[in-house]
Amino acid sequence: QVQLVESGGGLVQAGGSLRLSCAVSGRTFSSYSMGWFRQAPGKEREFVGRISRRGSSTFYADSVKGRFTISRDNAKNTVYLQMNSLKPEDAAVYYCAATPIAGPSALSAQYDYWGQGTQVTVSS
């Protein structure tokens with residue numbers, strides 16, 4: 001079993017920055033690619049980005065490319081989402097998720113384990 005716990009959400013002004021963390025316990029962290037998703041009220045869960053098992057590759061949704069950065073520290077069993085130049089439309093509950101799939105994985109169904117989510121609010 002794998003447990004994921006997100007932290008770092010909060011209220012930030014538009015144009016500001018926030019860094020989310022996701023601590024992972026259970027099976028070997030480095031066995032999983034890690035993804036970030038978000039869900040705004042009344043909307044479907046949306047892919048944000050993903051990082052490979054060793055952190056050597058990332059890819060992002062077009063809506064966040066150039067503003068968000070995913071990184072991981074396998075020694076600390078933690079994955080991060082650095083969010084810069086935040087916009088009001090970035091406001092959502094952000095979730096981290098783990099998948100054993102090595103290749104690109106942007107579909108939520110590809111992820112086996114999920115955190116409980118952390119709220120990000122962006123004021124205009």
Side-chain angles (χ1 to χ4, degrees):
Q1 191 71 8
V2 177
Q3 292 83 39
L4 293 78
V5 179
E6 302 95 336
S7 61
L11 172 64
V12 63
Q13 287 188 332
S17 298
L18 210 57
R19 189 176 83 154
L20 306 183
S21 299
C22 174
V24 181
S25 61
R27 294 184 180 177
T28 306
F29 177 61
S30 59
S31 299
Y32 294 91
S33 298
M34 298 298 297
W36 285 95
F37 290 77
R38 66 187 181 185
Q39 188 167 19
K43 295 187 177 181
E44 294 188 353
R45 189 167 296 186
E46 175 189 23
F47 172 76
V48 173
R50 162 265 186 201
I51 187 167
S52 61
R53 295 169 181 173
R54 295 187 179 183
S56 57
S57 70
T58 54
F59 77 95
Y60 303 92
D62 287 343
S63 58
V64 306
K65 199 173 295 182
R67 300 187 298 121
F68 290 12
T69 302
I70 298 175
S71 61
R72 67 189 293 166
D73 185 338
N74 284 356
K76 295 183 178 179
N77 284 14
T78 303
V79 62
Y80 306 96
L81 177 64
Q82 177 67 44
M83 304 185 292
N84 298 329
S85 302
L86 281 160
K87 305 175 182 179
E89 52 264 42
D90 293 319
V93 176
Y94 281 72
Y95 300 89
C96 66
T99 176
I101 298 174
S105 41
L107 301 176
S108 57
Q110 295 174 308
Y111 289 78
D112 294 341
Y113 303 100
W114 292 82
Q116 82 289 349
T118 186
Q119 178 72 51
V120 171
T121 304
V122 183
S123 63
S124 56

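The basis for the numbers below is simple: all heavy atoms, side chains too, and nothing from hydrogens, waters or symmetry mates. Numbers for residues simply follow the sequence, beginning at 1.
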- Determine, stepwise, if the pair L18 / V120 fulfils side chain to side chain contact (heavy atoms under 4.5 Å, CB included). CA-CA 9 Å; L18 210 57; V120 171; 4.0 Å; yes
- Query: How far apart are the C-alpha atoms of E44 and S108, what are their side-chain angles, what is the distance that settles it, and do they pass the side chain to side chain contact (heavy atoms under 4.5 Å, CB included) test?
  - Reply: CA-CA 11 Å; E44 294 188 353; S108 57; over 6 Å; no
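- Of the possible polar contacts, none joining the Q82 side chain to the F68 backbone as a donor-acceptor pair under 3.5 Å is found.
- Under a cutoff of 6.0 Å and an axis angle of 45°, R67 and Y60 do not form a cation-pi pair.
- Aromatic rings from Y111 and Y32 are positioned such that their centres are separated by 6.0 Å or more.
- Relative to the ring axis of Y80, R19 places its NZ or CZ within 45° and under 6.0 Å from the centre.
- Contact between P100 and R53 at its shortest, heavy atoms only, is O-NH2, 2.6 Å.
- With no hydrogens or angles considered, a side-chain donor-acceptor pair links Q3 and S25 at under 3.5 Å.
- Taken from OH in Y94 to CG in L20, the straight-line distance is 7.5 Å, to the nearest 0.5 Å.
- Side-chain rings of F37 and Y95 stay apart, their centers remaining 6.0 Å or farther from each other.
- Summarising the geometry, atom CD1 belonging to I51 is positioned 9.0 Å from atom OG belonging to S33; distances are rounded to the nearest 0.5 Å.
- Between atom OG of residue S124 and atom CG of residue L86 there is a gap of 13.0 Å, rounded to the nearest 0.5 Å.
- Expressed to the nearest 0.5 Å, how far CG of L81 lies from OG1 of T69 amounts to 8.0 Å.
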- Task: Quick one: do K65 and D62 satisfy salt bridge (Lys or Arg N to Asp or Glu O under 4.0 Å)? Show the steps, please.
- Result: CA-CA 5 Å; K65 199 173 295 182; D62 287 343; 3.0 Å; yes
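- D73 and T78 share no side-chain donor-acceptor pair at under 3.5 Å.
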